[in-house]
Amino acid sequence: MINLAMKRRIWSCRARFSYALNPAVQGPTLSAPFSSHANLATFPEPDGWESQNLVPSGVVEDKDLLRKGGPNSKTGLYVLDLIDRSSLGPDPVLYIDLIKKCTNLNKLKEGRLVHAHLMASCFRDDLVMHNHMLNMYAKCGSLQEARKVFDEMPVRDVFTWTALITGYSQSDLSEDAVALFPQMLRADLKPNEFTLSSLLKASGVRVSDGFGRQLHGYCLKCGYISNVYVGSALVDMYSRWEKIDEARSIFDGLDRKNEVSWNALIAGHARMGEAELALSLFSEMLRADFKPSPFTYSSMFGALSSMGFLEQGKWVHAHMIKSDPQLSTYVGNTLLDMYAKSGSIDDAEKVFNRLLRRDLISWNSLLKGYAQHGRGRKTLEQFEEMLSIGVKPSDVTFLSVLTACSHVGLVKEGEHYFQLMRRYGVEPQVSHHATMVDLYGRAGLLDQAKRFIQNMPMEPNAAVWGALLGACRMHKNMELGAYAAERMFELDPDNPGPLMLLSNIYASAGRWSEVAMVRSMMKVNQAKKEPAISWVDIENSVHTFVANDDTHPQREEIRKMWEKVNTKIKEFGYVPDTSHVLFYADQQEKEERLQVHSEKLAFAFALLNTPPGSTIRIKKNIRVCGDCHSAFKFASKAVEREIILRDTNRFHHFRDGSCSCRDYW
DNA sequence: ATAGGGTTAG
């Protein structure tokens, strides 16, 4: 019988001489600091390391004592020293234990010490040991050192190549990862299912260029297509290329699925904003008896937030609480964001308060939520709180802070925070400049906005001119508005926005010939206005409306309901604002067209189908028009309903005759 | 004995 100790001996002999199979190949020539024991001193010492106190005197006979001290900070060198003093001889299992601990605990410094020690041992030429070292460097994120180990190895096997490819792939160095594939083939090594899953992951984040399809073909040819890792990676790759049908057909073809396969497909739909499909897949996943993971939930919340599906979000949230009441920071952040983007900032706040650990993303999501809901003061309060407890703000943080100042009209505060950015090492980007232009512009300080653009350290982009154009529209400055629209049009000719706004400016001034000119320009440039869509949640289903919609089964009731509301709000003082109508038309026609804006249809429909007094949540794919905004203010009082309307980038809370944006948006 | 796929703010 061969016992364990004998096995070890055999193994270590084989390991020791694995390079000797080819006598022509020398051991790796390792330069300092890997070459000798003496170089140990050149490594930075781990924190709290005190060698004198830790190393017992005499020879160490106890293997368990050796194994106990992992590389967890101060014990790293201790164990190495014990190895030297032990009478048991070098033990490969012990080395591998140490390296694995370094790998799993992300201990790069300690890993280097083990590496140096190993290079001075009889394992300095061992292939497996090198593979472990390479993997350690790759997992600790030091791909340069991993590459160095790789380059200096005279013999490499499929583990060596796979470890490096995976390292590159996981560190977002996908170009380096895929570049190794042909080299590996030339070295006469066949990639296996491990190699292929990493390569597929890497090619998913690159542009679709045929390489990924080649890999797909390779998987088919070599019989890896039924492997669940390879299959899930393929699903993920195609879904990242937005070829969701191909992803689905690979998913359906898997003879064995697991959670990851499901998550890859759900995440694919989530990335494309297909919330309904993500939801139906989620139910399908439950029916198939798979347990959703934090990955599933964060994808789901992401998908639901993009459409603002609050009720469905609550349902998924409830499901998550039932199956796993633990809330991680990662999932908590997506949940918080879902509530904020679905119009329930109070729930978002609750999630934030319940988080056990908050990271920068938690803070940024909350601040963004406050800013979007028009709670400018609250944004600034929380921002100050964030600074006071020592969380370092990022460019994203400042964008929310500046947006908050802009929406609430806090010019001085905005200037203060803009100045503050550099103190926190955040260089203002063009987006921050655009927000400052917005800040001045909304406040009516158009000259200051113009001067700010002239003094910008970088070229203004379309967003900067867009902010100025919006301000000109708001304050009816045609000269400057036309100038801004032209600049914007030059920089972004495919965007119909500037021409739309320009024609709006002319329309609100009643200059219909200019409106006609701009509109003919739009025709020449094939510019098309994105059709306005509004949608509203009624009891777990979503109803979509477009302007002038006459195909809805309840169109007659909707029309009658809106007429009723219209009459009522006129009693409350509502005056239709026809300057938002772009067409040249007589007064009555203009007024009629206003009545069929999609958000008004959605509102009337919600009134018909929800209990009295309940809050109505409407989402819109473009900015709410001024007339609808005014109508909703009156309606919130006239029919005693709170209305929460999600715009392109902010929320309007209509209540008792006024809006949270204080008509400043 | 060593290598693998899925998630968040903008």
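In what follows, every chain begins at residue 1, and chains take the letters A, B, ... in the order their sequences are listed. Just so we're clear, the structure is a prediction, and the values are computed from it rather than from any experiment. Below, all heavy atoms of this structure are taken into account, side chains as well, without hydrogens, waters or symmetry copies.
With contacts defined as side-chain heavy-atom distances shorter than 4.5 Å, the pair A:S203/A:L215 qualifies.
Nearest to the side chain of A:A233, among B:dG5, B:dA9, B:dG4, sits B:dG5. For A:N364, taking side-chain heavy atoms from C-beta onward, the closest of the listed nucleotides B:dT7, B:dA9, B:dG4 is B:dA9. Nearest nucleotide to the side chain of A:Y330, out of B:dA9, B:dT7, B:dG4: B:dT7. Side-chain proximity of A:S365 to the nucleotides B:dA9, B:dG10, B:dA1 is greatest for B:dA9. Nearest to the side-chain atoms of A:H132 among the listed nucleotides B:dA3, B:dG5, B:dT2 stands B:dT2. Comparing atom distances between the A:I361 side chain and each of B:dG4, B:dT2, B:dT8 picks out B:dT8 as nearest. Minimum atom distance to the side chain of A:N333 is reached by B:dT8, of the listed B:dT8, B:dG6, B:dG4. Looking at the side chain of A:N263, the nearest of the listed nucleotides B:dG4, B:dG6, B:dG10 is B:dG6. In the set B:dT2, B:dA3, B:dG5, B:dG5 carries the atom at the smallest distance from any side-chain atom of A:S261. Comparing B:dT7, B:dG5, B:dA3 by their nearest atom to the side chain of A:K139 picks out B:dA3.
Contact annotation for A:K257: no contact, since no heavy-atom pair falls under 4.0 Å across all strands. Residue-level contact check: A:V235 touches neither bases nor backbone, having no heavy atom under 4.0 Å from any strand. Within 4.0 Å (heavy atoms only), A:N192 reaches at least one base atom of the nucleic acid.
In this structure, NE2 of A:H269 is placed 14 Å from P of B:dT7, rounded to the nearest angstrom. Distance A:R271 CZ to B:dA9 P: 12 Å, rounded to the nearest Å. Separating the CD1 atom of A:I99 from the C1' atom of B:dA3 is a distance of 14 Å, rounded to the nearest angstrom. Computed from coordinates, the A:F301 CZ to B:dT8 P distance equals 13 Å when rounded to whole Å. Rounding to whole angstrom units, CH2 of residue A:W363 and P of B:dG10 are separated by 17 Å. To the nearest angstrom, P of B:dG4 lies 17 Å from CG of A:L215. Between A:M300 atom CE and B:dG6 atom P the separation is 19 Å, expressed in whole Å. For the pair A:E193 CD and B:dG4 P, the computed distance is 12 Å after rounding to whole Å.
Legend: salt bridge (charged side-chain N to carboxylate O under 4.0 Å, His left out) pairs involving residues 158-178 of chain A, not counting sequence neighbours, sorted by first then second residue: A:E175-A:R206. For residues 214-237 of chain A, the set of pairs meeting the salt bridge (charged side-chain N to carboxylate O under 4.0 Å, His left out) definition, not counting sequence neighbours, comprises A:D236-A:R240, A:D236-A:R271.
Centroid-to-centroid, the aromatic rings of A:Y297 and A:H317 stay 6.0 Å apart or farther.
Considering only residues two or more places apart in sequence or on other chains, A:R186 meets the side chain to side chain contact (heavy atoms under 4.5 Å, CB included) condition with A:P182, A:Q183. Under the salt bridge (charged side-chain N to carboxylate O under 4.0 Å, His left out) criterion, A:D346 pairs with A:R375, not counting sequence neighbours. With sequence neighbours left out, the ring pair (Phe, Tyr, Trp, His ring centres under 6.0 Å) criterion links A:H132 to no other residue.
Taking 3.5 Å as the limit, the base of B:dG5 and the side chain of A:S197 contain no donor-acceptor pair of atoms between them.
Close to B:dT7, at under 4.0 Å from its OP1 or OP2, lies a side-chain N or O of A:R240.
By the stacking rule of 5.5 Å between ring centres and under 30° between planes, A:F159 does not stack on the base of B:dA3.
Residues from residues 160-173 of chain A that place a heavy atom under 4.0 Å from any atom of DNA chain B, listed by number: A:T162, A:T166, A:Q170.
The cationic atom of A:K257 (NZ for Lys, CZ for Arg) lies less than 6.0 Å from the six-membered ring centre of A:F251 and within 45° of the ring axis.
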For this session: Apply the test ring pair (Phe, Tyr, Trp, His ring centres under 6.0 Å) to residues A:F290 and A:F282: give CA-CA distance (whole Å), side-chain angles for both, the deciding distance (0.1 Å), then the verdict.
Result: CA-CA 10 Å; A:F290 286 95; A:F282 182 77; over 10 Å; no

